[in-house]
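Accompanying notes for the structure given below.
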Amino acid sequence: MPPRPLRDLPQRAGFGLKPEHYADVLAAAERGPLPAWVEVHPQNYFGAGGPPHRWLTAIADHVPLSFHSVGLSLGSAAGVDRDELASLAALCERYEPAIVSDHLSWSNGPDDKFPDLLPIPYSHAALAHFVGEVGRVQDRLRRPMLIENPSRYLAYAADDWGEVDFLHELCRRSGCGLLLDVNNVEVSAFNLGCDPAPWLDAFDPALVGEVHVAGHSRKDDGVGGTIAIDDHGSAVRQSCWDLLSAFLRRAGPRPVLVEWDSDVPGYATLIAEVARADALLASEPVDA
């Protein structure tokens with residue numbers, strides 16, 4: 001009989017698991033250092049078998065899993081991609097991850113799938129639609145899910161809600177929780193000309209089930225300015241660590257994920273970022 005799945009995420013740091021690090025994680029299970037948990041994009045495991053499942057099954061014997069979906073397209077006008085949801089439900093039954101999450105976004109049109117997490121308007125109609133689609137997913141998975149705040153490059157002119165209020169109301173109406181991406185707050189605030197600190201302070205910690213940190217780049221926007229790009233292709237910026245520290249002082253410890261999705265470094269570099277997050281989690285006093 002296979003080992004009982006590790007269903008709970010510890011309030012420590014993990015990282016996004018990539019094929020480059022399968023062997024490193026299994027080796028670390030014997031001699032360390034091992035992340036406290038790992039997160040995967042479930043779409044990479046929708047095949048019925050093969051090497052990806054052999055590796056993930058072996059790793060899941062040692063560390064809890066979080067599934068961070070990128071394909072449900074909850075905000076699409078036609079609703080959740082039914083095939084994606086069926087595959088995700090089957091994968092959840094197979095691995096019993098501790099957490100399942102997706103994004104406040106859309107990526108499917110009537111005839112196309114776009115390789116991006118595209119923004120939704122913060123309107124009353126969009127909120128009602130998103131509440132219904134989150135409910136559909138939670139009913140199928142028989143569990144609450146987390147929704148991640150997006151990185152934004154532009155704002156809609158006629159939004160009815162601010163982003164944080166929109167997310168809070170989504171949680172209230174649907175019963176979902178939040179995946180708070182601190183880097184996305186920083187990217188959005190930079191691009192929209194806002195201060196990230198009060199933006200982050202507005203999130204209700206009681207709704208936050210997981211936290212992400214990552215690196216981002218800043219580039220010439222071609223019209224005399226600079227734009228922040230959420231590329232997950234570098235070490236976490238000091239400014240992002242500072243924002244994480246401030247959130248943890250207010251909220252207390254949470255599972256924290258280090259994301260690194262492009263220009264993926266060696267295991268030693270990645271685990272050093274995890275260790276830095278763990279040090280913050282261990283050292284930050286909670287504000288009274």
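These numbers were taken from a predicted model, which means no experiment stands behind them.
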Please give me the minimum heavy-atom distance between [X] and [Y], naming the atom from each residue.
X    : Y    : value
A126 : P121 : CB-O, 3.1 Å
P52  : G49  : CD-O, 4.5 Å
V70  : D102 : N-OD2, 3.8 Å
L74  : I147 : CD1-CD1, 3.7 Å
R12  : A36  : CB-CB, 3.7 Å
P150 : S188 : O-OG, 3.3 Å

What residues form a side chain to side chain contact (heavy atoms under 4.5 Å, CB included) with [X], not counting sequence neighbours?
X    : answer
D195 : A197, P198
P119 : Y156
S105 : H103, L117
R276 : Q238, W241

Return the set of residues passing ring-ring contact (aromatic ring centres under 6.0 Å, His included) with F67 (not counting sequence neighbours), or none when no residue passes.
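For F67, no residue satisfies ring-ring contact (aromatic ring centres under 6.0 Å, His included) once neighbours in sequence are set aside.
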
Using only atom types and a distance under 3.5 Å, with no angle test, would you say the side chain of [X] pairs donor to acceptor with the backbone of [Y]?
X    : Y    : answer
S262 : D231 : yes
H53  : G47  : yes
R254 : P205 : yes
H21  : P265 : yes
N191 : A228 : yes
R82  : V80  : yes
E39  : S66  : no

Once the angle between the rings of F166 and Y122 is folded into 0 to 90°, is it parallel (under 30°), tilted (30 to 60°) or perpendicular (over 60°)?
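Tilted, since the angle between the ring planes falls between 30° and 60°.
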
Whether H212 and H68 hold their rings parallel, tilted or perpendicular, with breakpoints at 30° and 60°
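Rings of H212 and H68: perpendicular, as their planes differ by over 60°.
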
Before you tell me yes or no, could you show the steps for L248 and L281 under side chain to side chain contact (heavy atoms under 4.5 Å, CB included), namely the whole-Å CA-CA distance, both residues' side-chain angles and the distance that decides it to 0.1 Å?
CA-CA 7 Å; L248 294 177; L281 284 162; 3.8 Å; yes

Roughly how far, to the nearest 0.5 Å, is the [atom2] atom of [Y] from the [atom1] atom of [X]?
X    : Y    : atom1 : atom2 : answer
H168 : L207 : NE2   : CG    : 5.5 Å
L65  : L9   : CG    : CG    : 9.0 Å
H232 : S217 : NE2   : OG    : 10.5 Å
S283 : R249 : OG    : CZ    : 9.5 Å
F130 : I120 : CZ    : CD1   : 5.0 Å
L17  : W37  : CG    : CH2   : 11.5 Å

Min side-chain heavy-atom separation [X]-[Y] under 4.5 Å:
X    : Y    : value
C92  : R140 : no
Q138 : C176 : yes
L200 : L180 : yes
V137 : L85  : yes
V274 : I271 : yes
V213 : V258 : yes
L170 : L104 : yes
V182 : V256 : no

Grouping I, L, V, M, F, W and Y whenever their side-chain heavy atoms are under 4.5 Å apart, do [X] and [Y] come out in a common cluster?
X    : Y    : value
V40  : W260 : yes
L243 : F190 : no
W161 : V185 : yes
L26  : V264 : no
Y22  : L270 : yes

Should N184 and E148 be marked as a side-chain hydrogen bond (donor to acceptor under 3.5 Å, both in side chains) after you check the CA-CA gap, both sets of side-chain angles, and the distance that decides it?
CA-CA 9 Å; N184 287 0; E148 179 181 336; 2.8 Å; yes

Evaluation steps, side chain to side chain contact (heavy atoms under 4.5 Å, CB included), between N183 and E259
CA-CA 10 Å; N183 179 63; E259 289 188 289; over 6 Å; no

Listed once per pair and sorted, the salt bridge (Lys or Arg N to Asp or Glu O under 4.0 Å) pairs that draw on residues 158-185, sequence neighbours left out:
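Found R152-D159, E169-R172, E169-R173.
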
Run the salt-bridge test on R218 and E186 with the 4.0 Å N-O cut-off and return the result as yes or no.
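The answer is yes: the pair qualifies as a salt bridge.
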
So Y45 and T57, side chain to side chain contact (heavy atoms under 4.5 Å, CB included) or not? Walk me through it.
CA-CA 11 Å; Y45 301 88; T57 297; over 6 Å; no

